[in-house]
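Some notes on the structure that comes next.
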Amino acid sequence: MLLNPAEYPITTTIAQVHNYMDQNIRIQGWLYSKRSSGKIHFLQIRDGSGSIQCVVVRSEVPPEVFAVSEVLSQESAVIVEGLVRRDTRSSLGYELSVQNLIHVSTAPDYPITHKEHGIDFLLDHRHLWIRTPRQRAILKIRAEVLRAMSDYLDGNGFTRVDPPILTPTAAEGTTELFHIQYFDQEAYLTQSGQMYMEAAAMAMGKVYSMGPTFRAERSKTRRHLIEFWMIEPEMAYFTHEDNLKLQESFLSAVVQQVLNHCQPELELLGRDLTRLRAVQPPFPRMSYDDAVVWLQNQGHEIQWGEDFGAPDESELANQFDRPVFIERYPTKVKAFYMQPDPKRPEVALCADLLAPEGYGEIVGGSERIHDYTLMKERFIEHKLPNEDYAWYLDLRKYGSVPHSGFGIGLERTVAWICGLEHVREAAAFPRLLYRLYP
RNA sequence: UCCUCGAUAGCUCAGCGGUAGAGCAUCCGGCUGUUAACCGGAGGGUCGUAGGUUCGAAUCCUACUCGGGGAGCCA
């Protein structure tokens with residue numbers, strides 16, 4: 001039974017409770033944990049906005065309310081009515097003196113206890129795991145990262161355009177695609193919206209996409225998801241240099257906004273904030289040529305013309321306190337659409353952005369080929385069927401201009417900002433090799 | 001696809017040739033200021049599956065299944 005509404009006019013969230021000192025309020029949540037000393041119970045209640053200690057004293061509540069408190073178990077749903085009271089014995093400095101409890105539903109034998117669990121068990125119970133403070137903090141930060149990205153791009157003249165998820169062809173032709181039946185044709189889940197964003201940039205000037213992409217690669221590492229989100233800005237009349245300037249400004253703004261808005265979450269995760277505060281333009285830059293020489297001097301067996309492996313990237317990035325651009329890779333190891341450097345056609349006007357602390361590549365970008373004849377040559381070299389890509393060639397035929405863009409991996413970015421061991425925690429329901437449930 | 005590690009109670013693990021264990025969770029009892037609360041008691045297992053070696057296998061061997069970490073590839 002709810003108490004008299006006149007007595008409890010205020011239903012609020014736990015995050016707002018501090019605004020109601022010495023007032024009667026009602027909160028609606030779940031029991032996170034309970035400690036009992038017989039005649040006094042301490043209920044830790046969470047509601048998604050935060051958590052608060054609620055104290056139930058036997059001598060101060062009706063017997064039926066104390067009886068409810070006794071049977072509540074972890075993750076029982078409960079509505080709590082009580083008085084907000086300052087108390088130095090509570091970690092927040094205030095707590096809720098319970099006057100009434102409404103037992104909304106039970107949670108018998110809740111699987112995720114406050115003890116240690118293995119990753120297999122936690123991933124099988126991901127639908128419940130996300131209720132824990134740490135996972136909640138990560139998902140909050142992920143949401144803030146997306147908001148910060150939108151804020152920055154929307155505030156700088158970009159228009160959001162959503163490319164299709166179902167596509168008739170491969171965007172880059174290299175990675176494994178998920179294929180599906182599209183009525184009587186074959187179709188694929190998108191692995192990148194980039195080519196569509198190039199079309200959109202010719203329509204709107206500066207555009208970006210945010211959404212899921214799919215790679216059917218048998219990759220099983222802390223940096224890989226099968227389904228992950230990319231944010232792909234594409235800018236007409238942007239040179240390679242313009243592109244890098246935008247990237248460092250963009251990523252710095254995102255990190256600083258997360259620092260400003262999510263400090264409690266970052267602290268809960270134990271993140272070293274000084275490392276994030278260092279993320280300010282300009283970012284260091286290294287040419288591919290210099291990176292190869294540097295790696296060779298460190299004893300790595302890499303030759304000019306080869307792409308970097310994961311250990312190479314880590315070691316390169318760990319020299320710096322902020323992300324580093326590695327630019328002008330050999331044209332042959334990069335995607336067909338990248339603009340060759342006019343002074344050195346054997347390298348492309350492209351850059352990967354490597355995050356520090358071993359998180360690897362979080363951004364890949366380039367200036368795109370805008371010349372019709374050169375693009376046509378690339379089609380022949382890469383054996384791309386003209387009929388499938390006719391529309392993409394049209395972009396070079398009708399009012400083509402130099403343009404550039406990049407793609408940033410959301411989960412890798414979130415993992416880096418949060419200091420996570422693995423990108424799987426950066427998605428609410430990660431899709432991994434050998435793991436599709438829940 | 002390759003390399004590597006693992007699978008024992010609901011969970012986390014110990015046991016590594018001789019009668020299946022602990023902590024937590026659950027249930028019962030105690031406790032008016034707890035912070036992964038604490039104290040006492042109870043129930044709980046075809047030791048991943050299938051073969052093999054052995055007087056005897058959770059333990060040794062083989063295959064398979066499922067999963068963790070990594071490589072390649074990529075964001």
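Each chain gets a letter, A, B and so on, in the order its sequence line appears, and its residues count up from 1. The figures that follow rest on heavy atoms only: side chains count, while hydrogens, waters and symmetry mates do not. In this text, all values refer to a predicted model and were calculated from it rather than measured experimentally.
As rounded to whole Å, 18 Å separates atom P of B:A25 from atom CG of A:Leu128.
A centroid separation of 6.0 Å or more is found between the aromatic rings of A:Phe214 and A:Tyr188. Here A:Phe308 and A:Tyr288 bring their ring centres to under 6.0 angstrom of each other.
Within the nucleic acid shown, A:His41 has no heavy atom closer than 4.0 Å to any nucleic acid atom. A:Gln53 comes within 4.0 angstrom of a base, heavy atoms only. At a threshold of 4.0 angstrom between heavy atoms, the contacts of A:Leu410 with the nucleic acid are absent. Residue A:Val423 is out of contact with every strand shown, counting any heavy-atom pair closer than 4.0 Å. Using a 4.0 Å heavy-atom criterion, one finds that A:Thr413 contacts no nucleic acid atom at all. In this structure, A:Asp307 reaches the sugar-phosphate backbone alone: every heavy-atom distance under 4.0 Å involves primed, P, OP1 or OP2 atoms, never a base. Heavy atoms of A:Ser219 sit under 4.0 angstrom from at least one base atom. Within 4.0 Å of A:Glu95, counting heavy atoms only, lies at least one base atom of the nucleic acid. Base engagement by A:Arg85 is indicated by at least one non-hydrogen atom pair under 4.0 Å involving a base atom. Residue contacts for A:Arg223: at a heavy-atom cut-off of 4.0 Å it reaches a base atom on one of the strands shown. Using a 4.0 Å heavy-atom cutoff across all strands shown, A:Ser36 reaches at least one base atom of the nucleic acid. Among the heavy atoms of the strands lying under 4.0 Å from A:His422 are primed sugar atoms or P, OP1, OP2 only; no base atom is included. Among the protein residues, A:Gly309 comes within range of the sugar-phosphate backbone only, with heavy atoms under 4.0 Å from sugar or phosphate atoms but none that close to a base.
A:Glu411 has a carboxylate O that lies under 4.0 Å from a charged side-chain N of A:Arg142, or vice versa, which qualifies the two as a salt bridge.
Stacking here means ring centres nearer than 5.5 Å and ring planes tilted less than 30 degrees, and by that measure A:Tyr434 does not stack onto B:G67.
Counting heavy-atom neighbours within 6.0 Å of A:Arg85 CZ, excluding the residue itself, gives a total above 12.
For the OP1/OP2 pair of B:G67 and a distance below 4.0 Å, the side-chain nitrogens and oxygens of A:Arg424 include no atom meeting the criterion. For B:C74, the OP1/OP2 oxygens have no side-chain nitrogen or oxygen of A:Arg412 closer than 4.0 Å.
Judged as a side-chain contact (heavy atoms from CB on, under 4.5 Å), and not counting sequence neighbours, the contacts of A:Asp154 are A:Ser150, A:Tyr208.
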task = Start with the C-alpha distance between A:Gln16 and A:Asn19, add both sets of side-chain angles, then the distance that settles side chain to side chain donor-acceptor pair (under 3.5 Å), and finish with yes or no.
result = CA-CA 6 Å; A:Gln16 297 300 317; A:Asn19 294 321; 2.8 Å; yes
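Defined by atom type and a distance below 3.5 Å, a donor-acceptor pair is missing between the side-chain atoms of A:Arg277 and A:Gln256.
Screening residues 23-66 of chain A for ring-ring contact (aromatic ring centres under 6.0 Å, His included) gives A:Tyr32-A:His114, A:His41-A:Phe66 as the qualifying pairs, with residues at least two apart or on separate chains.
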note = For nucleotides 9-16 of chain B, 5' to 3', base contacts (B), sugar-phosphate-only contacts (S) and non-contacts (-) with protein non-hydrogen atoms under 4.0 Å give --SS----
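For the C1' atom pair drawn from B:C11 and B:A36, the interatomic distance equals 14 Å after rounding to whole Å. Spacing of P atoms, B:A50 relative to B:U12, comes out at 23 Å, to the nearest Å.
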